[in-house]
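Worksheet for the structure shown next.
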Amino acid sequence: LDLSGEHRDELLAEELLVDSLRNLVKIGKATGAGAASASSDLMDELERIDCTLPEHGVRLPIDAQKHVSGVVAAKCRVMSSATKPLMLHFKKFGAADANQTVGLMFKDGDDLRQDALCLQIFGLMKRLWGEAGLDVPLTVYKATDLGAEVGMLELVTGAETLSAISVSQRVKGQSNVAAVLDIKKMALWLESECQSVGVCLEDARENFLRSSAGYCVATYVLGIGDRHNDNIMMKKDGHLVHIDFGYILGKNPVIPTPF
């Protein structure tokens, strides 16, 4: 920091923000995801972070172009994963519209270096396919490792997990498990949502097919495991998005069995 010159204050503000977010994760782990979403301790800490941000804002470590001026506490929540990651929304610095926010996921307890590596390789594959004249629409979002098992992930906007999509389309009397196992639910969701983003159903299906083919190749080459309906998302225009790359190079989580 002593050698950073005029950027010293900006870097200090980023460091203080990361420390505050790590403390926020501790609150989430202590109270649990469901309770922490509405706990007074969580809201108090979010408000404290919002008040302590400098007047000139702070640039997020994940992307220096993401300049924010405050926290939108009402949109923030603790996720249900084991490490209790934070889904955060910040006010965009200088934005006239208060609804313009910057979203990210903050994790404390996960090594994001593998995620960053996989996403970089996805980007390389996408570029090489493009140079060969192939339209393979992989979604490459940002992931940054900030220290020992601490990091940030860019939120993929306008996307839902395949599990959430299936459950949202269940019929009366149908269980969540039955809905998730019914692959027709995804088709129904895509048909009802694609026009809301200006994409016709035929193009949405084409996006689904091309992105699905690309991820099949990419995940096979990298040996990415733990692929299930909560680790695969779909956008309203049909593009698939793979997330969470904690198991690669042929490794998979060990599921205990009774025999």
Side-chain angles (χ1 to χ4, degrees), residues 14 18 21 59-66 79 81-83 85-88 102-165 186 190 197 199 203-255:
E14 291 182 21
V18 172
L21 294 178
R59 298 185 184 276
L60 297 178
I62 193 171
D63 185 351
Q65 294 184 345
K66 295 186 184 300
M79 306 299 289
S81 301
T83 56
L86 304 174
M87 181 181 289
L88 301 168
V102 177
L104 62 83
M105 185 86 69
F106 182 82
K107 289 190 173 186
D108 188 355
D110 276 343
D111 189 346
L112 295 185
R113 290 177 295 179
Q114 286 189 178
D115 291 70
L117 176 62
C118 289
L119 290 164
Q120 288 175 16
I121 297 176
F122 285 172
L124 176 61
M125 290 179 174
K126 184 178 180 179
R127 179 172 63 82
L128 292 175
W129 278 325
E131 291 175 354
L134 298 174
D135 179 18
V136 185
L138 300 183
T139 299
V140 182
Y141 53 93
K142 291 183 172 65
T144 302
D145 180 70
L146 300 174
E149 298 189 334
V150 181
M152 290 181 174
L153 294 162
E154 179 184 6
L155 286 185
V156 182
T157 57
E160 295 285 349
T161 64
L162 298 187
S163 177
I165 288 172
M186 291 185 290
L190 186 60
V197 291
V199 178
D203 288 343
R205 287 172 174 169
E206 182 73 12
N207 292 338
F208 177 86
L209 289 172
R210 288 183 177 275
S211 59
S212 179
Y215 277 114
C216 282
V217 174
T219 54
Y220 175 78
V221 170
L222 292 175
I224 297 176
D226 198 27
R227 297 299 89 195
H228 52 76
N229 285 5
D230 282 323
N231 281 345
I232 304 175
M233 307 180 79
M234 183 162 58
K235 294 182 178 180
K236 293 180 179 180
D237 60 5
H239 288 110
L240 287 180
V241 185
H242 278 244
I243 60 174
D244 195 350
F245 307 108
Y247 295 90
I248 64 173
L249 303 179
K251 292 184 178 181
N252 263 303
V254 177
I255 303 175

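Model, not experiment: these values are computed from the prediction.
- The salt bridge (charged side-chain N to carboxylate O under 4.0 Å, His left out) test applied to E206 returns R210, not counting sequence neighbours.
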Pair K235-T139, side chain to side chain contact (heavy atoms under 4.5 Å, CB included): steps then yes or no: CA-CA 10 Å; K235 294 182 178 180; T139 299; 3.9 Å; yes

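- Atom NE2 of H228 and atom CG of D244 lie 7.0 Å apart (nearest 0.5 Å).
- A donor-acceptor pair under 3.5 Å is formed between the side chain of S211 and the backbone N or O of L240.
- Minimum heavy-atom separation, F106 to L104: N-CD1, 4.0 Å.
- With values rounded to the nearest 0.5 angstrom, N207 atom CG is found 11.0 Å from M234 atom CE.
- Between atom CE of residue M186 and atom CD1 of residue I232 there is a gap of 8.5 Å, rounded to the nearest 0.5 Å.
- Distance check: H242 NE2 to M233 CE gives 12.0 Å after rounding to the nearest 0.5 Å.
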Show the atom names and distances, to 0.1 Å, of all donor-acceptor pairs under 3.5 Å that link a side chain in residues 117-132 to residues at least two apart or in another chain.
unit_1, atom_1, unit_2, atom_2, d
K126, NZ, L138, O, 3.0
R127, NH1, E131, OE2, 3.0

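- Put simply, the residue from D226, I224, V241 that forms a side-chain contact (heavy atoms from CB on, under 4.5 Å) with N231 is D226.
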Determine all donor-acceptor pairs shorter than 3.5 Å in which one atom belongs to a side chain in residues 146-164; sequence neighbours excluded.
unit_1, atom_1, unit_2, atom_2, d
E154, OE1, K142, N, 2.9
T161, OG1, A164, N, 3.1

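- Between L112 and K107 there is a side-chain heavy-atom pair separated by less than 4.5 Å.
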